[in-house]
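Below: one structure, written as structure tokens.
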Amino acid sequence: MQDSSAQNLVSTQSGNLATGRASISSQSAGTAPRLSKTPAVSSGPLESKSKLSNFQRMRRLIAEDPEWSLAIVPLLTELCIQHIVTNFEKNPILTELLPEHQQKVLSRLSPDLPLTMTANLIEDESYWRRCSTKRWAVCHVAKHGGSWKRMFFERHLENVLRLFIPGTTDPNVILDLIPLCRNYIRRIQMHQFLPPVRLPVTPRAGEQSDSGSEGELEEPAMDHYQLGSLVAGLYHLEELDLVYGVKDCGMNFEWNLFLFTYRDCHALAATIKACHTLKIFRLTRSKVDDEKARILIRSLLDHPALEELDLAHNLIGDRGARAAAKLLSHSRLRVLNLANNQVRAPGAQSLAHALAHNTNLISLNLRLNCIEDEGGQAMAHALHSNKCLTTLHLGGNELSEPTATLLAQVLSVNTTLTSINLSCNHIGLDGGKQLLEGISDNKTLLEFDLRLSDIAQESEYLIGQALHANREAARQRALNPGHFISPMTASGPENSMG
């Protein structure tokens with residue numbers, strides 16, 4: 001009897017122990033223990049042994065960490081995606097994935113991956129946005145067609161070109177980029193071209209330089225970097241904006257650093273002639289004289305796509321202006337900018353003669369030249385027959401009352417001009433009054449800049465009021481185009497019968 005009671009007590013304690021351990025294990029697995037309202041019933045030896053074996057099996061399956069839970073175990077897809085990201089440089093897997101998995105991989109890829117791998121593989125804009133913002137603090141993506149990938153490659157190419165030193169830098173640094181960026185480059189904007197390194201000449205035997213330690217500099221064996229091979233590989237290039245100069249030269253300033261040589265000019269002329277997709281060509285602040293301008297313009301005659309030519313802030317005179325006038329008759333040019341050059345009356349007369357018969361040009365900028373009244377009157381005569389020009393800038397050209405008189409006659413009949421600039425001239429009081437009379441009959445001119453032109457304040461105020469009325473009428477026409485119909489259209493055959 002005693003042995004039987006002792007055996008039952010041991011069995012009961014073993015069952016209670018197993019139940020307690022199982023409840024602890026259940027709590028460690030993240031599940032709350034179940035509370036029984038009835039007291040535990042003592043079990044026999046077989047039941048206790050079965051519970052003990054179940055408890056041991058559970059201990060083998062559940063981790064020892066009390067914070068362990070099935071919720072923190074990553075999914076297999078997440079493990080695969082992380083593995084792809086980690087080994088992407090060795091094994092770039094992207095197009096084979098589902099779209100939602102591609103987005104997860106792209107969001108985790110490093111922006112420092114080699115361009116040879118990512119250029120023609122990744123089209124996702126968010127990835128190129130991360131690459132751009134990490135590299136440049138200021139990013140105007142709107143200037144690059146709203147495309148982050150295009151902005152990245154255009155600025156990357158410009159940075160490489162800006163630091164290229166002819167004769168020192170390996171040309172393959174640029175040529176190797178062509179297969180990577182040819183489909184994304186639309187514009188090249190270069191405001192620095194580094195010249196070749198000029199080494200001091202080794203003095204001959206028995207000769208010494210006057211400066212003692214500084215020898216004469218050797219002439220460079222070649223000029224600036226030639227863009228021909230690069231532009232030929234860019235199938236979608238539309239804009240070329242160049243300045244031959246050096247930025248941040250500091251104490252190493254020399255005028256030769258800002259020299260656009262004849263070899264540069266001939267090479268550039270051949271480049272733009274062969275680029276049939278080019279729409280905008282700008283070459284400013286590069287000391288382009290008449291001869292160089294003629295070389296460049298000759299290569300643009302009958303160009304199939306050119307729409308804008310900007311040669312502002314150079315040394316172009318009347319011969320260069322005559323070449324530009326010829327270009328107006330042999331191209332589809334819509335914008336011509338010759339601001340801040342050396343064009344005088346003969347050059348302006350040539351441009352005016354071409355303008356009188358032109359049907360494409362919409363903007364002409366001749367500010368900061370010296371065409372004087374002889375050239376200004378020629379321009380006014382051309383505007384009598386021209387029906388396409390909308391913007392004319394003649395500021396700072398030594399114009400006076402005779403030009404204002406003819407221009408006032410033009411304003412009373414011209415219906416295409418929307419913006420005129422005559423600032424910084426000598427129009428005078430009488431000239432201002434005549435311009436006021438001319439604009440009183442004009443309903444299309446929206447901007448007329450007459451600052452610092454010596455006209456009366458009253459005339460300037462009344463001209464401003466007339467322009468304000470024109471702008472308001474134009475705004476109303478844009479808001480309600482159907483309400484502004486000609487009388488003939490409004491009456492119509494059916495209305496005339498009634």
Side-chain angles (χ1 to χ4, degrees), residues 67-164 169-191 227 229-241 275 277-280:
E67 297 181 359
W68 183 89
S69 171
L70 287 173
I72 64 173
V73 176
L75 299 175
L76 181 59
T77 55
E78 293 294 329
L79 293 175
C80 293
I81 288 173
Q82 187 59 43
H83 179 78
I84 292 173
V85 171
T86 305
N87 299 276
F88 195 84
E89 188 169 352
K90 298 178 182 178
N91 186 20
I93 299 176
L94 186 63
T95 56
E96 300 87 347
L97 303 177
L98 295 175
E100 59 269 21
H101 296 161
Q102 289 184 18
Q103 291 300 321
K104 290 183 179 180
V105 170
L106 290 171
S107 63
R108 302 179 189 181
L109 286 180
S110 170
D112 298 324
L113 289 173
L115 290 179
T116 54
M117 175 188 303
T118 60
N120 297 317
L121 177 63
I122 300 178
E123 298 294 336
D124 185 65
E125 282 289 296
S126 59
Y127 172 79
W128 294 108
R129 178 175 183 174
R130 289 195 292 118
C131 294
S132 302
T133 53
K134 181 179 180 180
R135 187 167 178 181
W136 300 290
V138 179
C139 297
H140 297 292
V141 68
K143 296 182 179 180
H144 303 267
S147 171
W148 287 96
K149 186 170 186 179
R150 174 186 164 186
M151 189 197 76
F152 179 87
F153 279 101
E154 286 181 349
R155 295 188 65 173
H156 176 70
L157 178 61
E158 291 164 6
N159 287 344
V160 175
L161 288 172
R162 185 167 50 87
L163 301 177
F164 187 90
T169 308
D170 185 5
N172 290 326
V173 172
I174 294 177
L175 298 181
D176 291 343
L177 285 175
I178 295 178
L180 306 179
C181 63
R182 63 175 47 165
N183 295 326
Y184 316 109
I185 300 293
R186 299 290 189 277
R187 179 181 72 171
I188 296 179
Q189 186 177 16
M190 279 294 300
H191 290 172
L227 295 169
S229 56
L230 173 62
V231 172
L234 302 178
Y235 302 144
H236 306 288
L237 185 65
E238 298 178 353
E239 181 177 346
L240 205 56
D241 187 351
C275 185
T277 60
L278 190 65
K279 294 182 179 180
I280 302 174

How many angstroms lie between CG in L230 and CZ in R182, if you round to the nearest 0.5 Å? 10.5 Å

Looking at CZ of R186 and CD of E238, how far apart are the two atoms once the value is rounded to the nearest 0.5 Å? 6.0 Å

Pairing of E154 and R150 as salt bridge, 4.0 angstrom limit: yes

Heavy-atom closest pair (R155 atom, V138 atom, distance to 0.1 Å) is NH1-O, 2.8 Å

I need the I84 CD1 to L79 CG distance, nearest 0.5 Å. 11.5 Å

Close side-chain approach of D241 to I280, heavy-atom, < 4.5 Å: no

Which pair of non-hydrogen atoms, one from E89 and one from P114, has the smallest distance, and what is that distance? OE2-CG, 3.8 Å

I'd like to know if the side chain of K149 reaches the main chain of A119, judged simply by a donor and an acceptor atom lying under 3.5 Å from each other, with no hydrogens or angles considered. yes

Going from NE2 on H144 to CD on Q189, what distance comes out if it is rounded to the nearest 0.5 angstrom? 7.5 Å

Could you check whether any side-chain heavy atom of L157 comes within less than 4.5 Å of a side-chain heavy atom of I188, counting everything from C-beta outward? yes

Tell me the closest heavy-atom pair linking S132 and C139, and the distance in Å. O-SG, 3.7 Å

Is it true that E78 and R108 make a salt bridge, defined as a side-chain N closer than 4.0 Å to a carboxylate O? yes

Check V173 against V160 and note the closest heavy-atom contact, atom names and distance. CG1-CG1, 3.8 Å

Distance-only, no hydrogens or angles: does the T277 side chain make a donor-acceptor pair with backbone N or O of H236 under 3.5 Å? no

Kindly indicate whether the side chain of Q103, heavy atoms from C-beta on, has any atom under 4.5 Å from the side chain of D124. yes

Near R129 CZ, under 6.0 Å, is it more than 12 heavy atoms from other residues, nucleotides or ligands? no

State the CH2-CG distance between W136 and N159, to the nearest 0.5 angstrom. 6.0 Å

So that I know where these two stand, are Y127 and W148 an aromatic pair - ring centroids less than 6.0 Å apart? no

So among F152, Y235, F153, which one has a ring-ring contact (aromatic ring centres under 6.0 Å, His included) with Y184? F153

Taking R130 for the side chain and L109 for the main chain, is one N or O donor matched with an acceptor at less than 3.5 Å? yes

Side chains of H156 and C181: does their closest heavy-atom pair fall under 4.5 Å? no

What is the distance from atom CD1 of I93 to atom SG of C80, rounded to the nearest 0.5 Å? 9.5 Å

Are L94 and L106 packed together at the side-chain level, in the sense that at least one heavy-atom pair is separated by less than 4.5 angstrom? yes

Tell me, do L175 and S229 make a side-chain contact under 4.5 Å, heavy atoms counted? yes

